[in-house]
Amino acid sequence: MLLRPIFLVGFLFTVLSLNSSFAADDEATRLISNRSDVSDTQLVIYEGGQAQLGQVRHIDLPSGSTRLVLEDVSPQLLPESVFLSGDGVRVRAQSFLFDPLSRRRLLEESLGQKVWVRRWGANGEERFVEGILLSVAEGPVVKVEERIQTPSPGDLLFESVPIGLTAKPVLLADLESAETRAKDLTLRYLTNGFFWQADYVARLDAQGEKLDVSGFVGVTNQSGLALKDVAVKFLAGEVGRPEPSPQLRAAPRVAMVAEAIALDSDGSQVATAQFADRHLYSLPGKIDLAQGETRQVRLFEAEGVPVTKRYRLEGLVQVGRGPEEAGPLNPEIIIEVENSKEAGLGLALPGGTLRVYQPLEGDQVEGDSIFIGAATLKPTAEDEEVELSIGRAFDITGRSRLTDFQRISSTTGAYETSGEVDVSNARSDDVIVEVLAVLPRGWKMLDESQEHQSESANRIRWDLTVPANGKAKLAYRIRVAP
């Protein structure tokens, strides 16, 4: 007689067999809710890969006790964050189940249980013989009648999915309802696996005076749960979090790599509002967000934003005993814009990467622009200044040297030091180069070839005008009395 065991892959068998791990009345009605019951989905994504997922599920709930099986939830759900509610509904208990069904876990949970081993007759006939799974340490070991056999895992058949293993994650809830009627249940929980990232693309005009800038936000889904018709918001600003739960620590790590990129460029802009001492951004309309997908949505567009370009040299001014010479060093290229409505911006800008392109002289086509540098844009409130370092200037070079050092007092450690900074300019136009210095406490300027500006107590700046195809020199003498 040929034995044809049934391998119950269906998830319903598993969740209805969990009487030992989830308390519920034997008389309770059992219902399953999946994505077809969802009437509304809201997603709020935070910095660092965490999100709040909220859903309204329309369910025909009978009166009395019900065990509700909620399918289509995130595999990276934080069980302690689950909140389920509904009008006239009382939640007695709830549980999250997700021990993913795999070959290894199936073998481990079937130890000591009945299995069937596939065998082939001389004429190629397939048959199955009953045995007991004894070990899985280095592959399955099965006792068949009075003999021991080591079949390949692919030749084993199982009667059912062991209790506790699931083909997909579910939430179980024991509910009490006062009456029989269709109800909207609200499900809300925190989950890992959702990310947002702001990116900015800017086009600097050929003269370096105006900037056209577009902002985009990319939303990535690496949670394991595909979403449809979801309203997405993201929160810019740090949110306090407790230590992750053991379930979260055990969750598999996923790389934030998009399998697909969709760009929404219909001209709609993301709405922003102050919220809970942070900024909440709302994407226009509703979107589908597949597992592994990154969707980019336009944040804003601004044209003709005034730009100030500066050159900054830092680290050349030597004070105290140190290297007698420093350089050559090329200055940083700094572009500065004002985040104000008058300048064409005036938005709360989330932190992200800004990439700058510039056309050649006379080019008017945007596609002809050449990438000239990128910088990290820090979160910037309205009316704050944005300062970005996009690289170093090739044709401007700075060098410095110490010209004198004298110990003034062996008791206090006071000393005087002199130095020079030489800056050369191979460009065809004059430039102003900022020479910055961070000085030790107790410093005093004794002499300088031009007056400095104080940026803070111990940070000063000289604005050095360097002529076209020429050079400029800065000389200084400083006393330090610690």
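In this chain, residues are counted from 1 in sequence order.
Atom CZ of residue Phe195 and atom CD1 of residue Ile45 lie 10.0 Å apart, to the nearest 0.5 angstrom. Separating the OG atom in Ser33 from the CG atom in Leu68 is a distance of 5.5 Å, to the nearest 0.5 Å. To the nearest 0.5 Å, atoms OG1 (Thr66) and CG (Asp60) are separated by 11.0 Å. Taking CG of Leu347 as the reference point, atom OG1 of Thr380 lies at 11.0 Å (rounded to 0.5 Å). Considering NZ of Lys183 and OG of Ser85, their distance stands at 12.0 Å, rounded to 0.5 Å. Between atom OH of residue Tyr189 and atom OG1 of residue Thr191 there is a gap of 6.0 Å, rounded to the nearest 0.5 Å.
With hydrogens and angles disregarded, a donor-acceptor distance shorter than 3.5 Å links the side chain of Ser81 to the backbone of Leu78. Checking side-chain atoms of Ser400 against main-chain N and O of Leu316 turns up a donor-acceptor pair under 3.5 Å. The backbone N or O of Ala381 sits less than 3.5 Å from a side-chain atom of Asn339, completing a donor-acceptor pair. With hydrogens and angles disregarded, a donor-acceptor distance shorter than 3.5 Å links the side chain of Gln358 to the backbone of Asp205. Side chain of Ser214 to backbone of Val201: no donor-acceptor contact under 3.5 angstrom is found. At least one donor-acceptor pair closer than 3.5 Å links the side chain of Asp212 to the backbone N or O of Gly304. Formation of a donor-acceptor pair under 3.5 Å by the Gln113 side chain with backbone atoms of Ser110 is not found in this model. With hydrogens and angles ignored, the 3.5 Å screen pairs no side-chain donor or acceptor of Asn34 with any backbone N or O of Glu71. Side-chain atoms of Gln291 come within 3.5 Å of backbone N or O of Gly224 as a donor-acceptor pair.
Taking the charged nitrogens against the carboxylate oxygens, Arg203 and Glu303 have no contact shorter than 4.0 Å, which rules out a salt bridge. For Asp72 and Arg57, the salt-bridge test fails: no basic side-chain N is under 4.0 Å from an acidic carboxylate O. Remark: Asp463 does not engage Arg312 in a salt bridge, criterion side-chain N to carboxylate O under 4.0 Å. Using a 4.0 Å cut-off between charged nitrogen and carboxylate oxygen, Glu387 and Arg310 count as a salt-bridge pair. Comment: Asp383 does not engage Lys341 in a salt bridge, judged by the lack of any side-chain N to carboxylate O separation of less than 4.0 angstrom.
Two residues are said to be in side-chain contact when any heavy atoms from C-beta on lie closer than 4.5 Å; Leu388 and Ile334 fail this criterion. Counting heavy atoms from C-beta on, the side chains of Tyr311 and Val466 never come closer than 4.5 Å. Side chains of Ile333 and Lys309 form a contact here, defined as non-hydrogen atoms less than 4.5 Å apart. Considering only heavy atoms from C-beta on, Phe158 stays 4.5 Å or farther from Lys114 through its side chain.
Across Pro169 and Phe96, no two heavy atoms sit closer than the pair CB-CE1, 3.8 Å. Across Tyr200 and Pro350, no two heavy atoms sit closer than the pair OH-O, 2.6 Å. The nearest pair of heavy atoms linking Trp196 to Ala236 is CZ2-CA, 3.9 Å. A pairwise comparison of heavy atoms in Pro62 and Ser177 identifies O-CB, 3.3 Å as the closest pair. Between Leu107 and Pro140 the shortest heavy-atom distance is CD2-CB, 4.5 Å. Heavy-atom minimum distance, Ala226 versus Asn221: CA-ND2, 4.2 Å.
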>> With salt bridge (charged side-chain N to carboxylate O under 4.0 Å, His left out) as the criterion, how do Asp288 and Arg295 come out once you've worked through the C-alpha distance, each side chain's angles and the decisive distance to 0.1 Å?
In response: CA-CA 9 Å; Asp288 295 343; Arg295 181 175 291 271; over 6 Å; no
> Given the rule in the salt bridge (charged side-chain N to carboxylate O under 4.0 Å, His left out) test, do Arg181 and Asp87 qualify, once you have shown the distances and angles that lead to the verdict?
Replying inline: CA-CA 11 Å; Arg181 65 181 175 88; Asp87 184 29; 3.2 Å; yes
> Would Arg459 and Leu436 count as a side chain to side chain contact (heavy atoms under 4.5 Å, CB included) if you check the C-alpha gap in whole Å, the side-chain angles of each, and the deciding distance to 0.1 Å?
Replying inline: CA-CA 7 Å; Arg459 181 182 173 90; Leu436 281 83; 2.6 Å; yes
> Could you go step by step and tell me if Leu53 and Phe194 meet the side chain to side chain contact (heavy atoms under 4.5 Å, CB included) rule?
Replying inline: CA-CA 10 Å; Leu53 182 64; Phe194 290 95; 5.6 Å; no
> side-chain hydrogen bond (donor to acceptor under 3.5 Å, both in side chains) between Ser65 and Glu176: does it pass, once the steps are laid out?
Replying inline: CA-CA 5 Å; Ser65 298; Glu176 289 286 346; 2.5 Å; yes
> side chain to side chain contact (heavy atoms under 4.5 Å, CB included) between Glu385 and Val337: does it pass, once the steps are laid out?
Replying inline: CA-CA 6 Å; Glu385 287 188 349; Val337 299; over 6 Å; no
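Partners of Asp395 by salt bridge (charged side-chain N to carboxylate O under 4.0 Å, His left out), not counting sequence neighbours: none found.
Surrounding CD1 of Ile432 are at most 12 heavy atoms belonging to other residues, nucleotides or ligands under 6.0 Å away. Counted within 6.0 Å of CD on Gln207, heavy atoms from surrounding residues, nucleotides or ligands total more than 12; the atom is thus considered enclosed.
Under 3.5 Å, the side chains of Ser389 and Glu332 contain a donor-acceptor pair of N or O atoms. Defined by atom type and a distance below 3.5 Å, a donor-acceptor pair is present between the side-chain atoms of His58 and Asp184. Checked by atom type, the side-chain pair Ser340/Glu382 shows no donor-acceptor distance below 3.5 Å.
With Leu70 as the partner, the side-chain contact (heavy atoms from CB on, under 4.5 Å) test is satisfied by one option alone out of Leu172, Leu185, Leu84: Leu84. With respect to Val219, the side-chain contact (heavy atoms from CB on, under 4.5 Å) criterion is satisfied by exactly one of Ile287, Thr294, Leu289: Leu289.
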